[in-house]
Amino acid sequence: MSGPYLGCIADDFTGATDLAGNLVRAGHRTTLTVGTPAAPAAPAAQGEPADAVVVALKTRTVPPAEAVAAALDAHRGLAGLGCTRYWFKYCSTFDSTPEGNIGPVTDALLEATGAPWTVACPAFPDNGRTVYQGHLFVGDRLLSESGMRHHPLTPMTDPDLVRVLAAQTRHRVGLLPHHVLRAGDAAVRAHLDAVTGGGARIVVTDVLGNDDFPPLVRATRRLPLLTGGSGLALALPPPRAHRTGSGPDPDGAARIDVAHGPGAVLAGSVSDATLDQTAYARRVLPSRKLPVASLLADPEGTVAGALEWARGHAGPRPVLLYSADDREEVRAVQGRFGAADAAEAVERALAACARGLLGSGFRRLVVAGGETSGAVASAVGIERFRIGPAIAPGVPWTAAEYGGRTVNLALKSGNFGGEDLFVTAEDALVTGGLHA
Ligand SMILES: Nc1ncnc2c1ncn2[C@@H]1O[C@H](COP(=O)(O)OP(=O)(O)O)[C@@H](O)[C@H]1O
Ligand SMILES: O=C(O)[C@@H](O)C(=O)COP(=O)(O)O
């Protein structure tokens, strides 16, 4: 059995499912593991050997030294599985603190992989993330004017990625501007040679649409390390396409078992999209709020009450547990209790809710938020996910084993998905999964 060729290191769990989902869409047989994988190579869907392994870490907001150590550990594990190419996956909105961790982890992986240079390509046009002249846009707004400026842990207030990254890395940062990217492979090559010859080891890449990815894939095909969001994966051909000349097989790669039983939505993200989705779902689904003040005063009691309520409302529609109604409330809570303590209380509570729900027969969970998803997945102890059909761009359903049974989880990035996502998520599973 041949091993995987592509080893991916994702700095959060929603990002890991996002990347794995796009790799699957491009025809890669992909396995998602939590933390550093152990040999032998994990099988992907249908027991086939994986082309790609995605390792989910929870390192986006930890101190840089910790993020670097975890990424290097994952790299060693992936190298042990036989990977020959690597991908550091971070957020399409470049979520990071002024200290990092995108720069320090990229620096460390450049050394570990021996890559002469790499790209920084956060763009994900299917979700409205584009880069022009090195400036990141979310839809029609600059990053710094989008909801990301209010993020509770990684507020993004500078849209100039060359400047943001230069402050985090010890290497020079260059730019591949859009007019060069579209000027043909020779022009791209000449520009990259000039920029990297001048000392840049990380090149921020403009991307306005999915058509911009193929020239980028061609220009980077010899690099052992890529970094960025999941968009570029859509244009990355699977190794079998080289070996056999066959095209992508996204349907085959995306079939997972569907679990039957009640479902729940756990919303710990307070990003704009999630707040809209929560407001919409509250009008349709049974819902219950976990107020931060109660979680800090009586965490066990608040969680126990929510679980009892959820069991009492289990039915054909998922139940919704959520942590905030609107941004004003989050601001007030952070002012009163501190952002870090409030965040930790919510993460712990939703993780405990997930454990309690799965332990009492719930079989499908939609979890909103990257940090939240990391807390949930770690708490329930699931170590391996199979990737299934997508609910929305970047949000695949997954299947995993819990207590000897299949459960389905969708880890939704805070800002992904339409307003009705919590209400309609199960449709994608029912129509796109395998029914036992
Ligand atoms: N009401 C609230 N007040 C303060 N922080 C909150 C509240 N609700 C959730 N949080 C925290 O906000 C953070 C959101 O981050 P995350 O889960 O990564 O979402 P996103 O994917 O939108 O970035 C989490 O740490 C979560 O615990
Ligand atoms: O690239 C993206 O936008 C996502 O894959 C991602 O990383 C999401 O992070 P959260 O918004 O914190 O869920």
Side-chain angles (χ1 to χ4, degrees), residues 8 10-23 54 56-62 87-96 102 121-129 136 138 143 146-148 150-156 227-233 266-278 289-296 321-351 353 367-377 392-396 410-417:
C8 307
D11 69 351
D12 84 344
F13 281 55
T14 44
T17 59
D18 170 16
L19 176 58
N22 278 358
L23 286 168
V54 180
L57 301 178
K58 190 174 183 299
T59 52
R60 190 169 288 175
T61 58
V62 302
W87 186 313
F88 172 35
K89 162 69 180 70
Y90 43 78
C91 194
S92 62
T93 45
F94 221 75
D95 298 13
S96 46
I102 294 175
C121 179
F124 190 1
D126 286 353
N127 269 316
R129 274 64 158 172
L136 181 52
V138 178
L143 175 68
S146 75
M148 283 310 300
H150 300 302
H151 192 279
L153 302 173
T154 50
M156 297 303 293
T227 86
S230 69
L232 188 60
L266 303 174
S269 157
V270 289
S271 293
D272 286 350
T274 305
L275 288 172
D276 289 348
Q277 288 154 355
T278 302
K289 183 170 168 181
L290 285 80
V292 171
S294 315
L295 290 175
L296 286 167
L321 296 175
Y322 68 102
S323 63
D325 286 308
D326 53 40
R327 187 159 304 295
E328 278 319 305
E329 178 188 354
V330 175
R331 224 174 265 132
V333 159
Q334 289 179 326
R336 187 165 160 213
F337 303 111
D341 286 355
E344 197 189 330
V346 174
E347 287 181 33
R348 270 179 203 272
L350 290 179
C353 286
V367 186
E371 297 295 321
T372 309
S373 293
V376 163
V395 192
L411 308 182
K412 188 200 80 78
S413 162
N415 269 314
F416 286 178

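Just so you know, ligand 1 is whichever comes first in the structure, and atom 1 is the first atom listed for that ligand.
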Note to self: I'd like to know whether Asp18 forms a side-chain hydrogen bond (donor to acceptor under 3.5 Å, both in side chains) with Ser230, so could you lay out the CA-CA distance, the side-chain angles of the two residues, the decisive distance to 0.1 Å, and finally the verdict.
What the structure shows: CA-CA 6 Å; Asp18 170 16; Ser230 69; 2.7 Å; yes

Table of N or O contacts for ligand 1, cutoff 3.5 Å:
{"from": "ligand 1", "atom 1": "1 (N)", "to": "Ser323", "atom 2": "O", "distance (Å)": "3.1"}
{"from": "ligand 1", "atom 1": "8 (N)", "to": "Ser323", "atom 2": "OG", "distance (Å)": "2.7"}
{"from": "ligand 1", "atom 1": "17 (O)", "to": "Glu371", "atom 2": "N", "distance (Å)": "3.3"}
{"from": "ligand 1", "atom 1": "17 (O)", "to": "Thr372", "atom 2": "N", "distance (Å)": "3.0"}
{"from": "ligand 1", "atom 1": "17 (O)", "to": "Thr372", "atom 2": "OG1", "distance (Å)": "2.7"}
{"from": "ligand 1", "atom 1": "18 (O)", "to": "Gly370", "atom 2": "N", "distance (Å)": "3.2"}
{"from": "ligand 1", "atom 1": "18 (O)", "to": "Glu371", "atom 2": "N", "distance (Å)": "2.7"}
{"from": "ligand 1", "atom 1": "21 (O)", "to": "Gly370", "atom 2": "N", "distance (Å)": "2.9"}
{"from": "ligand 1", "atom 1": "21 (O)", "to": "Gly414", "atom 2": "N", "distance (Å)": "3.1"}
{"from": "ligand 1", "atom 1": "22 (O)", "to": "Ser269", "atom 2": "OG", "distance (Å)": "2.6"}
{"from": "ligand 1", "atom 1": "22 (O)", "to": "Ser271", "atom 2": "OG", "distance (Å)": "2.5"}
{"from": "ligand 1", "atom 1": "23 (O)", "to": "His151", "atom 2": "NE2", "distance (Å)": "2.5"}
{"from": "ligand 1", "atom 1": "25 (O)", "to": "Glu347", "atom 2": "OE2", "distance (Å)": "2.6"}
{"from": "ligand 1", "atom 1": "27 (O)", "to": "Ala343", "atom 2": "O", "distance (Å)": "2.8"}

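Between Leu23 and Cys8, the closest heavy-atom pair is CD1-SG, 4.0 Å. Nearest approach of Ser323 to Glu329, heavy atoms of both residues: O-OE2, 4.0 Å. Taking every heavy atom of both residues into account, Leu290 and Cys353 meet most closely at CD2-SG, 4.0 Å. Scanning both residues, Ala273 and Gly417, for their nearest heavy atoms gives CB-O, 4.3 Å.
The shortest side-chain heavy-atom distance between His150 and Val330 does not fall under the 4.5 Å cut-off. Looking at Val346 and Val292, their side chains come closer than 4.5 Å, going by heavy atoms from C-beta outward. A 4.5 Å side-chain heavy-atom check between Gln277 and Ser269 finds every atom pair outside the cut-off. Looking at Arg336 and Leu296, their side chains never come closer than 4.5 Å, going by heavy atoms from C-beta outward. Inter-residue side-chain proximity for Tyr90 and Asp95 is flagged as unmet; no heavy-atom pair is nearer than 4.5 Å. Taking the side chain as every heavy atom from C-beta outward, Trp87 and Leu232 approach each other to under 4.5 Å.
Between Asp12 and Lys58 there is no salt bridge, since no side-chain nitrogen of the basic residue lies less than 4.0 Å from a carboxylate oxygen of the acidic one.
Counting heavy atoms of neighbouring residues, nucleotides and ligands inside a 6.0 Å radius, atom CZ of Arg348 does not exceed 12 of them.
Each of the atoms 1 (O), 2 (C), 4 (C), 5 (O), 6 (C), 7 (O) of ligand 2 lies under 4.0 Å from some heavy atom of Lys89. Atoms of ligand 2 found under 4.0 Å from any heavy atom of Asp18 (numbered from 1 in listed order, with element): 1 (O), 2 (C), 4 (C), 5 (O). Heavy-atom proximity to Gly370, at under 4.0 Å, picks out these atoms of ligand 2: 10 (P), 12 (O), 13 (O). Counting atoms of ligand 2 from 1 in the listed order, those under 4.0 Å from a heavy atom of Phe416 are 2 (C), 3 (O), 4 (C). Within ligand 2, the atoms closer than 4.0 Å to a non-hydrogen atom of Gly414 are 10 (P), 11 (O), 13 (O), numbered from 1 in the order shown.
With a 4.0 Å cut-off on non-hydrogen atoms, Tyr90 touches ligand 2 through its backbone and not its side chain. By the criterion of a heavy-atom distance under 4.0 Å, neither the backbone nor the side chain of Glu371 is placed next to ligand 2. Of the heavy atoms in Leu19, none comes closer than 4.0 Å to ligand 2.
Residue Gly229 places no N or O, backbone or side chain, under 3.5 Å from any N or O of ligand 2. In terms of polar-atom proximity, defined here as any N/O pair under 3.5 Å, Ser92 does make such a contact with ligand 2. Ligand 2 has no nitrogen or oxygen under 3.5 angstrom from a nitrogen or oxygen of Lys412. For a threshold of 3.5 Å applied to N or O pairs, the pair formed by Gly369 and ligand 2 contains no separation below that value. Checked by distance only, ligand 2 and Thr14 come closer than 3.5 Å through their nitrogen or oxygen atoms. On a distance-only criterion, Ser413 and ligand 2 share at least one N/O pair closer than 3.5 Å. Ligand 2 has no N or O atom lying under 3.5 Å from any N or O atom of Asp95, backbone or side chain.
Considering only non-hydrogen protein atoms, atom 6 (C) of ligand 2 sits nearest to Cys91 SG, 3.6 Å.
The one candidate from Asn127, Val138, Thr154 that meets the side chain to side chain contact (heavy atoms under 4.5 Å, CB included) condition with Thr93 is Val138.
Note on ligand 2: Arg60 sits in its first shell, one or more heavy atoms being nearer than 4.0 Å.
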